[in-house]
Every structure is written in C-alpha cells, then in structure tokens.
> 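Sharing a structure with you now.
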Amino acid sequence: MNNILVITRKELRHYFNAPMAYVIMIAFLLINGWFFGSNLFLNNQASLRGYFGMAPLILLFVVPAFAMRLIAEEKKQGTLELLVTMPITDIEIIAGKFFGAVTFYAAILGLTLVYPIVVSSVGNLDWGPVIGGYLGLFFMGSGLIAVGLFASSLTDNQIVAFIVSFLLGFTLFLLGKMLSYAPTALVPLLSFIGFDSHFDNISKGIIDTRDLLYYFSLIFLMLFLGLQSLLNRKK
Amino acid sequence: MSKKAEPQILARVSSLAKSFNHVPAVKSISFEIKRGETFGLLGPNGAGKTTTINMLATYLRPDSGDALIDGKSVNTDELEVKKIIGFVPQEIALYSDLTARENLIFFGSIYSQSKTVIQERTDELLEFVGLKDETKKRVKQFSGGMKRRLNIAAGLMNRPVFLMMDEPTVGIDPQSRENIYELIGRIKEQGTTILYTSHYMEEVEKLCDTIAIMDHGTIIASGTLGELLKLKKKTHKVYRPSGLEELFIQLTGSHLRD
C-alpha cells in the first residue's frame, strides 16, 4: 500500500510540475466552457446539458493526452528498468500510476464545478442530473485512463500510446452511437460494451449496478492487460 | 557469544540460461562472487553480460538455473533479493523533470524507510557523488557525468550488500570516468560486493578482483588478473598474453561485434 501511495504522489508531482498538464487542463476548461457558455447565454437555460453532452467527446482527446506518458515515459527514460529492480511489485506500479492519473483527472473535473455554481446563482438548477453527470464523467474518465495506461504499457513512444488509446476509447464511444446500424441480435451486446448507455444512465441520476459493473470491469480488464504487458519484459 | 560468521560466497550463480525468441543469449553459466570483492564481467557487445546482470537484478526471469544472492533465490525470493541489491543500469535511469534530491527521495521511499532516514541518506549520497551543490537543478540540466554519478547514488539508496553496475562509464568523458572509478573504490572500501560489467579492459584491470570473460553467452575464462594472464588458449597459436586486452582478443577473436 505504501508503494502505491509513493507512485501516486510521484505521478501527481510530475503532473503539476509539467507545463503540458496545465495546457491540457486549460484546453479542457476552455472547450467545455464554450459549450457551457453557449447553452447558458444563447439558449438562456439554467442547465448543464450542453456541457454534459459534449464532455464525453472531449474526454476522448484529453484523457489520452495525459495518460499516454504513464508507462511509455518510464520506458523511454529507462526508469522502469531501475524501478522494477526495487522492492515494488508490478501491480503496485500499475495501481499507483492509475490512482495518480485519476486524482489528476478528478482535480481537472473539480475545476469545472464552477459551471453549476454559476448556473445555480442565476437560475433554478436541478442538482440531481448535475451530480449524476459528474459521476458519469468521473467513471468514464477513469475507464479512459485505464485504457490509456494499457496503451502506454505497449510502447515507449508517447505518440503511439496516444493514438492507440484514442482509437480504443473512440471505438467504445462509437459503439453506442452506431446501434441503429448494427444487426438486432448484436444490439444488446454492443450497447453494453459501448460507453453511451452507461454514461446516459448515470448522468440522468440513475445509479444502476450494471453501469457501475461495466466501468469497474473495463478498468479491471485494462489494468490487468497493462500488468501483463509490463510483466512481458521478463520473458 | 561470537557472531555467526557470514558465508564467504555472496552470490552463487548456477546454470543460468536465457533465450530471446529461441536465440540463446546466456547459455547455462555458473560462477560465484565472494563477499566484499569486485567481480568483473568482461565481454564484447552481445556477449550476454547485460542479460546476465538483468537476471541477477530480477529484471528478467531466467529460463533455467538459479542465482542465490545472500542465500536468496532470484526465482523464488524476488522481493527479498530486491531489498538487498542495488542496480545501476546501462542507460541513465532518472526522472529528468525532478531534481537530484527529488529523484533520490523517490527511490529511497520505495524501500519503506522513514522520512528522516531517507533525508539523511539522500544528503549523504549527494555529498558522496559530489552533487551536494546541485540539488536544486533538474536532472535534465545535468551533464552526462553528473547523471551517471546520480544514477550510482540511486543504486546505493538502500545500502545494498550487492551492487550491480552495468557499464556505468559508457558515454562520458575521461575526467568523469576517473571520478566514477574513485567512487567505486570508495564503495568497495565500505564492504559492498560489486558486480561490474564492461568492455573496457583498463577499467576491469583497475577495479576488479576477479574477472570472468564472456562471449556468445558463456564464460570462457575466469580468475584473477594474474591467473588469466597465465592462460594459453589451446586452439590458438600458443603465446602468453602481455595484458588483459591481448588475452581478450585471443579468446574472443578480432572480428567486429555489433
């Protein structure tokens, strides 16, 4: 447990020391701010529908951008070779990195809480869907971080890690959007694998165990694959 | 009551073998390293030195055979082995965005030591490697020699009984190399057993008590420098080598290795 915390803290220090993280953070806030602002001021609605509608798509780009370095950078600068000869297990490395990235993501997400605060000050805001929306974004982002960590474990090239992570995330995103084109027999399966239905349910405030199970399974599967990829060096 | 004597052999390598994609890199090698000695593994590129050291450092899993380090097996007691070894990899392995101090504190914290112990050890090592005045600089601003010295410090954070150094003088200027030789001499004086790989004859001659020459994944000769210089290779025209370099070329041939 101590080692997981050590890695988590190092990841957080790295994120907050690097200009790249601030660029990502500002880009996320600016793009989401645009969709939030246009809905609020152009449509004159006290809701966050515009923000929650676009945020999942933006996450597909933003999450791989900060997750791509998780393992790939360690491989590139040779620190993985040193780290794994110290009394730390590969599971602790994976878990520490995952929690570090999730904490960083939660901090970015936390900054957007200014949107509901602004809306609630100018109109009557229904907080149920807001809390649901944030939970949905948190789980979806965590799933994408796990995907990014797996992609990052495959290579020492961060650009390759970004592309693989984006493609995997985009596929999961697209599956839910393409259901009307899919054979009827496959619809339930594709709907379960895709992000869409799970995010929609949670963002409506419906906390269904199937949706939680989906996100936890996705995270577990991707972290497991990342671990196997890391252990592959020993062969 | 007298303290129980420690075994004289610190590392015992038995029939260690490793292949990559069915190509053997290390072919069933065996050797022993005495406590407190500096053991040099000398060989041309591709001889299997790095694969051997990576197996002893638990980075790679042997296909067969075992190595016991202070009685602990690299196959079955991996975490225990990791606690007592120090490793200085061939490539610089440091976080370039962190300072020298932050790097050492991070590596030290993996050994579950208290904050005070880590701080003290960090200060001690920064002074030891001559980087006491550079603690606020980020590693990316360091020269090659400074990075090498910090890399050695990282490998010493847990006061290892067995330090493995894989070609730690590659790519640095002669002054920095001399400085690293001096550091290794001081590490040795502290009683640390060292496994040192290199393809530079002069540093192995200068630093190592026992030398094993590796080629094509096997150990083709081993002993002290004096013992090695008495060797005559039966398959070659017999003549006594005048130095380690001459012996090395006699044993491994003069064709290029890439």
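Numbered from 1 within each chain, the chains take letters A, B, ... in sequence-line order.
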> For L225(A), is the CG atom crowded, meaning more than 12 foreign heavy atoms sit under 6.0 Å from it?
yes
> If you count every heavy atom of other residues, nucleotides or ligands that lies below 6.0 Å from F16(A) atom CZ, does the total exceed 12?
yes
> Considering residues, nucleotides and ligands other than K140(B), do more than 12 of their heavy atoms fall under 6.0 Å from its NZ?
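Enclosed.
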> Using the test salt bridge (charged side-chain N to carboxylate O under 4.0 Å, His left out), find all partners of K97(A) that sit at least two apart in sequence or belong to another chain.
E11(A), E74(A)
> Does any pair with a residue in residues 20-31 of chain B pass side chain to side chain donor-acceptor pair (under 3.5 Å), and if so which ones, sequence neighbours excluded?
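Matches after skipping sequence neighbours: none remain.
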> Can you tell which part of N17(A) gets under 4.5 Å to a heavy atom of chain B, answering side chain, backbone, both or neither?
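Interface part for N17(A): both.
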> For residues 150-176 of chain A, which residue pairs qualify under side chain to side chain donor-acceptor pair (under 3.5 Å), counting only residues two or more places apart or in two chains?
S153(A)-S229(A)
> Below 4.5 Å from any heavy atom of chain B, which atoms of R9(A) appear? Answer side chain, backbone, both or neither.
neither
> Please indicate whether E127(B) has more than 12 foreign heavy atoms, meaning atoms of other residues, nucleotides or ligands, lying under 6.0 Å from its CD.
no
> Nearest 0.5 angstrom please: L60(B) CG to T85(A) OG1, how far?
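Here the rounded value is 11.5 Å.
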> Taking atom NZ as the centre, does K72(B) end up with more than 12 heavy-atom neighbours from other residues, nucleotides or ligands that are less than 6.0 angstrom away?
yes
> Counting heavy-atom pairs under 4.5 Å to chain A, which of P62(B), S19(B), A154(B), S109(B) comes out on top?
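Option with the top pair count is S109(B).
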> With a 4.5 Å heavy-atom cut-off (strictly below), which parts of residues 75-106 of chain B touch chain A? List them by number.
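Hits under 4.5 Å: E78(B), L79(B), K82(B), K83(B), I85(B), F87(B), P89(B), I92(B), A93(B), L94(B), Y95(B), S96(B), D97(B), L98(B), E102(B), F106(B).
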> Please state whether the side chain, the backbone, both or neither of F20(B) comes within less than 4.5 Å of a heavy atom of chain A.
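For F20(B), the contact with chain A is made by the side chain alone.
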> Quick one, V84(A) and T58(B) - any side-chain contact, counting heavy atoms below 4.5 Å?
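The answer is no; the side chains never approach within 4.5 Å.
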> For D63(B), is it the side chain, the backbone, both, or neither that has a heavy atom closer than 4.5 Å to a heavy atom of chain A?
neither
> Is any side-chain heavy atom of N158(B) closer than 4.5 Å to one of M86(A)?
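The answer is no; the side chains never approach within 4.5 Å.
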